[in-house]
Amino acid sequence: MAFRAFYALPAENFATSTGQHTNAVHGFVSMLLTMIRQQKPTHVAVAFDLDTPTFRSLEYTEYKGGRNKTPEEFYGQIDLIQEVMKAMNIPAITLESFEADDILATLATKGEEAGFDVLVVSGDRDAFQLITEKTLVLYPKKGISDIPPMDAAAVEAKYFVPPERYSDLAALVGETADNLPGVPGVGPKTAAKWLNLYGDLAGVLENIDAIKGKVGDSLREHVDNVTRNRRLNQLKHDLELPVTLEEMELQAPNREEIENLFDALEFNTLRKRLFDLFAAQEEEVAPEVAAFTRVVTDNAEALRGFMESGQGAAIALQPAVVDSEAVGLALYRGSEAAWLDLAELDEETQSVLAQFLADEQAPKIFHDAKAAMHLLIERGFTVAGIKDDTLISAYLIQPDRRSHDLVDVVQYHLKYAVPVHQAKKGELDLGLTSDLAEPTLAQAQAIHDLSAYLATKLVEKHADELAATMELPLIPVLFEMERAGVAVDVDRLHELRAHFTTQVDQATNAAFAAIGHEVNLSSPKQLQVVLFEELDLPRTKKIKTGFTTDAESLQDLLVKTGHPFLVALMAYRDAIKLRQTVDGLLKATHSDGRIHTTYAQTVAATGRLSSLNPNLQNIPVRSEEGRRIRDVFMVGEGYETLLTVDYSQIEMRIMAHLSEDEGLIEAYQNGEDLHRYVGSRVFNVAPEEVTSEMRSKVKAMSYGLAYGLSSFGLSKQLKIGVDEARKLMKDYFDRFGAVRTYLRSVVDQARKDGYTETIFGRRRYLPELNSSDRRLRDIAERAALNAPIQGSAADLVKVAMLKIAEGLEAGEYKSRMLLQVHDELILEIAAGELDAVQELVTREMGQAADLLVPLDVQPGIGRTWHEAAH
DNA sequence: GCAAACTCGTT
DNA sequence: GACGTACGAGTTTGCC
């Protein structure tokens, strides 16, 4: 691992002021911290090779021969790593005449015997022989985060033999890195074929004469290689180690030693990461979980009994997931729990479970029900009767938190650490005590307990009604939208990709020609050198790393200097952004020819949905070129057309409603062109005398107000003086005074209450309104201004979606909602249903709330999203 | 190799 | 000295 770190990080970038290279140390410690954070081990040890002879090199002098000499810069870094381990109170183990992997093998065996789950991290494939039900191997390819631990199934998938045969396979194939030649002409495929035919290596050698062909001859000729390889690649499991398992228990680091050591190594960001990690760990409290009875529900009768004995009490459910697939399901109902192996259900049990899951009257509690629905439907189960979702509850209680992972939520509210399971794919016998069942059952129990605890919290925060009438009912609606996905024209996507690539290339060439050399146009850092040093253009706004090269500043520079490089650079930025968008869409297109986004219901603090994997809420629309991407979203087979319906000026209307400003309300009630109307009042001219320049000024101001725009911001946006902007705002507020009163009162009220509230009662808590830090307070004030407006709009759209879903179901329409883009809904319309569905959608959107101003909705029809725009 | 910074698309 | 909300995603760079 240290060696990998050494080559991953450029040595020349990592040296102390005294010249000591630290890249391997930095990389190793960085990886170790990541691993501790992700895997949360209770015990940790690190094994090192020595550079003295081992029993392998004594038996076979060429062992690991032919390797390049260790680079100069690596020397000494191993000692430094060992010093860091000492300061972290992590044993660093070496053993004369043995290799690190033998130490790991011994530790794995000892750990298993002591009842531990073991995770071996090694860059040596020989470690695969250690894999068992209790031991997994992390074999880093690129990085150590984001790679699943190798289990038996993963080894089989890759090498076609189980882990206990891996060493046999390696002996036949050979290992270049260790200078262990195998049988020429034999690769993993052939080796695996033989091993599976004859059981193991001994079997292959017994039947050596039966193997035909050139490879058979080759094997017979090199059989000595094979037996030697097998002897050498066998790891030792029974070494006398200088460290006990107890001594491996992960402890807090020795702060003083770390400080001194990291001072010397000049590690500053790592120091923070290390202390942050252990600070977080110290907070964790031991679980205080009530005991419950486990019920094995491996047959229909047992499952039915479990269901019935609960007498209709809500059941918490938690799927166990391996490789994005539900392999097990834990059910918990207070003092009693059940565990189901979803892969092994007999027909009758499957049917009992299916009936329960689909029963609207059987109340269920999930943490992230929508995700569970996707997992379960792949197993043939539909889910109804979602009584509670602790993910939603946690979000409504603290909408500003970014993540509401079960682990975090339980830790925060119930003050205990819920166990997390290691995914183990090959483990098909999922008994009640399996590594998967225990933690999943504990999670289900935690969800059950959370649900009860958060229910009172919801009431305290006045979010119970919102949960019951809006967020929970929305779950199945969003689920259906995600499941449906939207059809895309893949050929068109490829054409667009080629088109934008041409533009990227042209812009790149033009940019290089303009400055006479190449540069990475995607690197702000390099662009700064070109713009502000080579070309010596006027400096732009300061940012942390120098001067910004953002689009707005580039445009300013272009106006000031007219330099052709700027033109090319801006064209490059536009084109590469569009190509990235297209690439993302291509990557996200499923085999059904559709893109299935995921709506995050618990991310945006204002109550909006967000869209991810891919984000379909930021598909370009403003530029002509970008809009072409909207043409690839098309009506799917079996449907007639797309229908888009969006609210016009929803946030302005909500501001009119909330402020009760008579002028604004009158304008909307009379159906006037709002910006023209406002313009005529602000500039004191007749409506027909409002010029387009006046109109765009008040339009920018109107929208900006809902975001907490300052006169400075307005002046910048409109490219007018601050004085003029200030006057514009004054004139605006003179005419629409209630708006100013409202905006002020929102912030004042929020400062008193600690939260803002939408029309539908959605709260956002903003404690920083009373911060002594001016910057934080300003940010909180703008959030307080915006949250009721953006949030009410989000609520309104959600209400409309619920009504539309209801209406579609009641009318037994085949048409369906596909997408939501904050104030716009996109539906796929089945043949003959257009008129009725359009009427339904526009009606429900129009009457989603009873405001002081009318809600205006605009429908559009077309074969593609672009065509359906109006 | 990981995490932060920058940039930019939408509403 | 900063100055418009709410997001997601891709690329580059700093780390020492």
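Here is the naming used below: chain letters follow the sequence lines, and residue numbers restart at 1 for every chain.
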If I take atom [atom1] in residue [X] and atom [atom2] in nucleotide [N], what distance separates them, rounded to the nearest angstrom?
X        : N      : atom1 : atom2 : value
A/Leu569 : B/dT7  : CG    : C1'   : 11 Å
A/Leu521 : B/dT7  : CG    : P     : 14 Å
A/Ile543 : C/dA2  : CD1   : P     : 13 Å
A/Tyr7   : B/dC2  : OH    : C1'   : 21 Å
A/Asp276 : B/dA3  : CG    : P     : 12 Å
A/Arg630 : B/dT10 : CZ    : P     : 8 Å
A/Leu270 : B/dC2  : CG    : P     : 12 Å
A/Asp400 : C/dT5  : CG    : C1'   : 12 Å

Counting side-chain heavy atoms from CB outward, which of [options] is closest to [X]?
X        : options              : result
A/Thr548 : B/dG1, B/dC2, B/dT7  : B/dT7
A/Asp574 : C/dA6, B/dT7, B/dG9  : B/dG9
A/Arg608 : C/dA6, C/dC15, C/dA2 : C/dA6
A/Arg37  : B/dC6, B/dC2, C/dC15 : B/dC2

* Asked: Side chains of A/Asn613 and A/Thr598: is there a donor and an acceptor less than 3.5 Å apart?
  ->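 No pair is found: no donor N or O on one side chain lies under 3.5 Å from an acceptor on the other.
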* Asked: Are A/His499 and A/Glu625 close enough that a side-chain donor and a side-chain acceptor fall under 3.5 Å?
  -> yes
* **Residues which pass ring pair (Phe, Tyr, Trp, His ring centres under 6.0 Å) with A/Phe500, listed by chain and number, not counting sequence neighbours** => none
* To do: Could I get the full list of ring pair (Phe, Tyr, Trp, His ring centres under 6.0 Å) partners for A/His590, not counting sequence neighbours?
  => A/His596
* Pairwise P distance for C/dA2 and B/dC6, with rounding to whole Å ->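 Rounded to whole Å, the distance is 13 Å.
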* **Whole-Å P distance, C/dG4 and B/dA4** => 26 Å
Considering every strand and a 4.0 Å limit on heavy-atom distances, what is the contact class for [X]: base, sugar-phosphate, or nothing?
X        : answer
A/Ile619 : sugar-phosphate
A/Arg573 : sugar-phosphate
A/Asn268 : sugar-phosphate
A/Ala5   : nothing
A/Ile576 : nothing

* Asked: By salt bridge (Lys or Arg N to Asp or Glu O under 4.0 Å), which residues pair with A/Lys719, not counting sequence neighbours?
  ->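 In terms of salt bridge (Lys or Arg N to Asp or Glu O under 4.0 Å), with neighbours along the sequence ignored, A/Lys719 is linked to A/Asp556.
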* To do: Would you please name every residue forming a salt bridge (Lys or Arg N to Asp or Glu O under 4.0 Å) with A/Asp263, sequence neighbours left out?
  =>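 Residues passing salt bridge (Lys or Arg N to Asp or Glu O under 4.0 Å) with A/Asp263: A/Arg271.
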Could you list the residues that satisfy side-chain hydrogen bond (donor to acceptor under 3.5 Å, both in side chains) with [X], not counting sequence neighbours?
X        : answer
A/Ser17  : A/Glu266
A/Lys716 : none
A/Thr581 : none

* To do: Identify, residue by residue, the members of residues 701-714 of chain A with a heavy atom below 4.0 Å from DNA chain B, and return them in order of residue number, or none.
  => none
* To do: Could you encode protein contacts along nucleotides 8-13 of chain C as a string, one character per nucleotide from 5' to 3', using B for base contact, S for sugar-phosphate-only contact and - for no contact, with a heavy-atom cut-off of under 4.0 Å?
  => BSSSSS
* Parallel, tilted or perpendicular, as decided by the 30° and 60° cut-offs, for the rings of A/Phe633 and A/Trp865 -> perpendicular
* Structure fact -> Ordered by number, residues from residues 781-793 of chain A within less than 4.0 Å of DNA chain C (heavy atoms) are A/Arg782, A/Ala783, A/Asn786, A/Gln790
* Among pairs that include at least one residue of residues 22-36 of chain A, which meet side-chain hydrogen bond (donor to acceptor under 3.5 Å, both in side chains), considering only residues two or more places apart or in two chains? ->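 Only A/Asn23-A/Gln77, A/Ser30-A/Arg273, A/Thr34-A/Arg273 qualify under side-chain hydrogen bond (donor to acceptor under 3.5 Å, both in side chains).
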* To do: Establish, yes or no, whether the cationic atom of A/Arg4 lies under 6.0 Å from the six-membered ring centre of A/Tyr139 and within 45° of the ring axis.
  => yes
* To do: Respond yes when some side-chain nitrogen or oxygen of A/Arg764 is under 4.0 Å from OP1 or OP2 of C/dA6, and no when none is.
  => yes
* Kindly say if A/Thr549 contacts the phosphate of B/dT7, meaning a side-chain N or O under 4.0 Å from OP1 or OP2. =>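 It does, given that an N or O in the side chain of A/Thr549 lies less than 4.0 Å from OP1 or OP2 of B/dT7.
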* Using the test side chain to side chain contact (heavy atoms under 4.5 Å, CB included), find all partners of A/Asp550 that sit at least two apart in sequence or belong to another chain. => A/Thr548, A/Glu552, A/Ser553
